[in-house]
Amino acid sequence: MKSNLLKFAAAALLCAASTSGTMAQTHANPFLTPYTTKFQIPPFEDIRTSDFIPAIKAGIEEQKQNISNITRNRALPDFDNTIIPLENLSPILDRVSGVFYHYQSALNTDEFAAMAEEAIPLLNEAANQLNLDEALFQRIKAVYDNMDRLKLDKVQRRVVEKYYRGFVEQGAALSPEKKAELVKVNDELSKLFIQFNKNLLNATNSFFITVYDKADLAGLPETSVAQAAEEAKKRKLDGLWVFTLHNPSRLPVLQYADNRGLREAIYKGYTTLASYGANNNYPVIEQIVKLRAEKARIMGFDTFAQMMTSRVMAKTPEAATDLLLQVFEPAVKRSHEEVADMQAIVDAENGGFKIQPWDYYYYAGKVKKQKYNIDENEVRPYFALENVLQGLFNAAERLYGIKMVEMPDAPKYMDEVTVYEVQDAKTGKHVAVFMTDYFPRASKVQGAWMEQLQSSGLYEDGERRPIVYNVGNFTRPTADTPALLTIDEVETTFHEFGHALQAILSQAPYRSVAGTNVDRDYVELSSQMNEHFAFTPELLKTYAKHYKTGEVIPDELIEKLNESSKFNQGFVTTELAGAALLDMAWARENGDSIKVDEFEAKVAKELGMPEEITFRYRSPYFKHIFGDDGYAAGYYTYLWAQVLEADAWELFQKNGVFNPKTAASYKKNILESGDTEDPMVLFQRFRGHKPDSHALLRLRGFE
């Protein structure tokens with residue numbers, strides 16, 4: 001099913017968008033024409049920073065022309081002449097925006113960041129040009145109103161409903177005056193998002209702690225000490241040790257450093273990130289909150305929280321908050337028990353102090369060792385990154401029948417990126433492209449994530465399979481040690497690959513409902529579900545091998561891992577639910593006379609947040625909700641999806657973790673289906689009943 005409307009010949013356009021002068025004769029902008037690489041992987045080695053702006057402008061013109069082609073069509077609006085063209089409105093914009101947004105998080109060099117300040121307003125212009133076009137909206141509405149007459153199938157109806165709802169949510173049904181107000185607010189917000197992310201990246205890269213006396217490193221693993229020495233050497237501080245706020249540097253200090261002052265310094269450095277000086281995000285947040293409240297009013301809602309939750313499974317802020325409190329309250333109760341256990345150790349050692357937030361990780365480790373006789377340093381040698389990936393891929397092959405074949409000659413934007421072809425394990429048929437980028441660098445933001453350079457579905461040239469990537473900030477290898485992952489990093493690897501699986505395995509016929517294009521509070525189901533497989537004894541024995549000896553992880557250590565799996569869940573759940581409740585509180589505010597630090601303190605007090613625990617993300621570095629609108633008024637979705645995941649996992653446990661029938665049902669109903677049906681319908685088809693919230697309490701050991 002193709003549309004002739006998309007065969008827009010852009011010869012003049014391409015000439016106009018090309019870089020002038022000698023460069024135009026020697027360098028062809030790779031975004032302006034279809035990629036000729038295998039599986040249409042972006043030709044990264046040919047992409048220059050100077051290519052983005054001309055390509056974005058060319059894409060805007062292409063989109064404008066194709067919108068005109070749709071709206072000027074005299075035939076009655078139907079699925080083929082209105083909806084299908086929307087699926088591929090601008091191939092140029094598809095190509096350039098996919099790489100642009102990836103680089104913005106993973107390769108944000110100074111040159112790229114400078115260009116992005118011009119590019120973001122242009123991309124917003126493209127979005128406004130599409131979402132606020134009255135004639136286009138009327139054609140979509142006509143298809144929506146006549147779905148029965150047009151005899152659309154179930155998936156086509158879902159696509160039409162999604163487009164109609166999406167356009168309404170973006171302001172298409174507003175009056176011209178309200179549309180103008182919305183455009184202004186969106187433009188201002190986009191500039192603030194750029195500033196927030198810029199401040200956060202600069203603040204993260206500018207903070208470091210130098211240690212002069214090796215005695216102050218007592219308790220730290222050798223790998224952490226070696227990395228700190230290498231970091232110091234990069235800064236021409238040979239013979240010293242430097243620690244940064246990147247997770248592989250920061251977390252070992254909090255977990256293992258005997259020096260309490262060092263722990264406090266790194267903790268306060270992190271929790272005051274982007275809170276002062278030239279990189280202060282306080283004023284940026286205050287403006288974002290105010291503009292979001294204004295945007296909600298323009299759209300006819302009382303609060304931003306109402307507007308955002310109306311679009312997903314939760315439907316209301318009250319429903320989301322109610323779930324959070326169901327989990328938060330027992331988590332806080334458990335955290336008090338955890339703190340009491342820690343304080344007992346401090347007192348037994350005659351420490352003479354009360355547990356503070358910078359003591360939590362350190363003394364949690366001591367309690368864990370005391371209760372379960374397990375130390376993460378004892379486990380970590382079994383989790384070399386290469387081995388973990390082997391386990392990850394083995395699980396995918398056993399469960400879903402796919403295998404990973406490395407593509408050493410594939411285009412890549414960094415040498416340390418690895419590219420795989422995903423194949424059907426039985427037939428060898430191409431399924432997808434999967435890319436990994438796991439180590440920190442100055443141009444990469446904190447955290448881990450999954451995205452797509454190309455989704456599956458119907459394109460202007462036919463059906464395509466996805467190009468998916470996982471990004472992380474894991475511990476780098478040293479001169480004599482491979483990258484050894486922490487337990488948390490192993491979980492993160494499986495988590496992000498769970499997202500990737502939903503994109504890789506998608507069988508949805510249209511791009512708008514394919515892969516991870518699902519409700520925000522449903523999308524975390526597949527990622528969090530995949531974490532469970534990481535530490536199942538059956539899988540551990542296939543990949544957890546000591547990096548020096550090759551010894552398979554002993555049964556005794558596996559038993560300890562599983563016995564301790566519910567340990568410290570009070571802390572983990574409290575900081576997560578607390579951050580989600582903070583997000584929801586921000587989304588209910590109108591932005592008048594708000595001071596960020598005072599607001600956070602007020603929310604913490606009202607919630608009864610334990611003083612030993614900070615929100616997982618404080619506002620100045622809460623990129624999920626202030627770096628863009630992605631998880632704004634939606635950070636609760638991790639816990640919402642954890643209810644689904646916990647309930648679903650109980651079925652795997654009941655039938656056998658690698659039970660073929662269970663895996664096949666999960667693959668078909670969850671991973672392959674995307675947004676082709678209501679997510680609650682898909683979940684119930686797999687699980688056999690509505691989600692049971694007590695499953696999460698059971699999983700966390702609270703019930």
Side-chain angles (χ1 to χ4, degrees), residues 219-224 248 251-252 254-258 331 334-335 337-342 344-345 348-349 359-392 394-395 474-475 481-495 528-573 646 649-650 652-653 656-658 698-703:
L220 283 166
E222 290 181 11
T223 52
S224 297
L251 290 178
L254 292 173
Q255 287 177 289
Y256 303 115
D258 295 334
R334 175 60 56 83
S335 75
E337 297 169 6
E338 294 168 359
V339 170
D341 289 341
M342 297 177 198
I345 291 180
E349 294 175 347
D359 298 316
Y360 212 107
Y361 281 101
Y362 181 74
Y363 282 96
K366 289 197 170 194
V367 173
K368 190 174 185 178
K369 187 169 180 62
Q370 186 182 79
K371 284 191 171 186
Y372 304 102
N373 192 27
I374 187 171
D375 182 342
E376 185 154 311
N377 284 323
E378 181 185 6
V379 179
R380 201 168 174 182
Y382 293 93
F383 293 140
L385 176 58
E386 292 77 9
N387 292 347
V388 173
L389 290 178
Q390 181 186 359
L392 187 74
N394 284 347
F474 300 152
T475 308
T481 308
L484 300 178
L485 303 191
T486 65
I487 291 173
D488 183 64
E489 287 173 337
V490 174
E491 286 182 344
T492 299
T493 307
F494 274 75
H495 177 103
Q528 291 171 167
M529 171 66 84
N530 207 52
E531 291 179 30
H532 288 290
F533 294 100
F535 300 112
T536 55
E538 193 174 348
L539 187 65
L540 273 170
K541 285 182 169 293
T542 70
Y543 79 87
K545 300 173 183 177
H546 199 286
Y547 79 97
K548 284 184 178 178
T549 66
E551 172 202 13
V552 175
I553 189 168
D555 290 340
E556 179 187 359
L557 206 47
I558 293 176
E559 188 176 341
K560 289 178 183 179
L561 272 172
N562 284 287
E563 284 178 352
S564 63
S565 63
K566 292 182 176 64
F567 176 74
N568 213 31
Q569 285 300 305
F571 168 79
V572 170
T573 310
W649 180 242
E650 287 187 347
F652 274 92
Q653 289 180 307
V657 171
F658 288 97
R698 291 191 291 271
L699 180 66
R700 297 293 173 98
F702 299 156
E703 196 177 89

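Residues: numbered from 1 along the sequence shown.
Remark: Ile487 CD1 to Arg380 CZ distance equals 10.0 Å, nearest 0.5 Å. Interatomic distance, CD1 of Ile345 versus CG of Asp359, reported as 12.0 Å (0.5 Å rounding). Atom OH of Tyr372 and atom OG of Ser565 lie 8.0 Å apart (nearest 0.5 Å). The structure places CD of Glu559 at 10.5 Å from CG of Leu557, a figure rounded to the nearest 0.5 Å. In this structure, OH in Tyr547 is found 10.0 Å from OG1 in Thr549, a value given to the nearest 0.5 Å. One distance of note links CG of Asn394 with OG1 of Thr542; it measures 5.0 Å at 0.5 Å rounding.
Inter-residue side-chain proximity for Val388 and Tyr382 is flagged as unmet; no heavy-atom pair is nearer than 4.5 Å. Looking at Phe567 and Val367, their side chains come closer than 4.5 Å, going by heavy atoms from C-beta outward. In this structure, the side chains of Gln528 and Trp649 stay at 4.5 Å or more apart for every pair of heavy atoms. At least one side-chain heavy atom of Pro537 sits less than 4.5 Å from a side-chain heavy atom of Asn562. Annotation: side chain of His532 is not in contact with side chain of Val657 (no heavy-atom distance under 4.5 Å). Counting heavy atoms from C-beta outward, Val490 and Phe535 have side chains that approach closer than 4.5 Å.
Between the Glu376 side chain and the Thr486 main chain, no donor and acceptor come within less than 3.5 Å of each other. Side-chain atoms of Thr492 come within 3.5 Å of backbone atoms of Asp488 as a donor-acceptor pair (strictly under, hydrogens ignored). Panel note: side chain Asn387, backbone Phe383; no donor-acceptor pair is recorded below 3.5 Å.
Within a 6.0 Å sphere centred on CD of Glu556, other residues, nucleotides and ligands contribute 12 heavy atoms or fewer.
Between Asp375 and Lys368, no side-chain nitrogen of the basic residue sits less than 4.0 Å from a carboxylate oxygen of the acidic one, so the salt-bridge criterion is not met. Salt bridge annotation for Glu563-Lys560: absent, with no cationic side-chain nitrogen under 4.0 angstrom from a carboxylate oxygen. Salt-bridge annotation for Lys545 and Glu386: absent, with no side-chain N of the basic residue lying under 4.0 Å from a carboxylate O of the acidic one.
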Which is it for Leu561 and Leu540 under the side chain to side chain contact (heavy atoms under 4.5 Å, CB included) test, yes or no, and what are the steps along the way?
-> CA-CA 11 Å; Leu561 272 172; Leu540 273 170; 4.2 Å; yes
**Message:** I'd like to know whether Glu538 forms a side chain to side chain contact (heavy atoms under 4.5 Å, CB included) with Phe658, so could you lay out the CA-CA distance, the side-chain angles of the two residues, the decisive distance to 0.1 Å, and finally the verdict.
**Reply:** CA-CA 9 Å; Glu538 193 174 348; Phe658 288 97; 3.7 Å; yes
Q.
Checking Tyr360 against Asn568 for the side chain to side chain contact (heavy atoms under 4.5 Å, CB included) test, could you report, in this order, the C-alpha distance in whole Å, the side-chain angles of both residues, the deciding distance, and whether it holds?
A. CA-CA 10 Å; Tyr360 212 107; Asn568 213 31; 3.4 Å; yes
Start with the C-alpha gap between Phe652 and Phe533, add the side-chain angles, then the distance that decides, and say whether ring pair (Phe, Tyr, Trp, His ring centres under 6.0 Å) holds.
CA-CA 10 Å; Phe652 274 92; Phe533 294 100; 5.5 Å; yes
Worksheet entry | Test log, rule side chain to side chain contact (heavy atoms under 4.5 Å, CB included), inputs Lys548 and Thr481 | CA-CA 9 Å; Lys548 284 184 178 178; Thr481 308; over 6 Å; no
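Residue Leu389 comes nearest to Thr493 through the heavy atom pair CD2-CG2, 4.1 Å, listed as atom of the first residue, atom of the second, then distance. Scanning both residues, Phe494 and Asn530, for their nearest heavy atoms gives O-ND2, 2.8 Å. The two atoms that bring Phe571 and Glu338 nearest to each other are N-OE1, 3.0 Å, heavy atoms only. Among all heavy-atom pairs drawn from Pro221 and Asn377, the shortest one is CG-OD1, 3.4 Å. Closest heavy-atom contact between Thr573 and Gln569: OG1-O, 2.7 Å. When all heavy atoms of Gly701 and Lys566 are compared, the pair lying nearest together is CA-CD, 3.6 Å.
Here the rule is salt bridge (charged side-chain N to carboxylate O under 4.0 Å, His left out) with Asp341, and of Lys369, Lys366, Arg334, Lys371 only Lys371 fits it.
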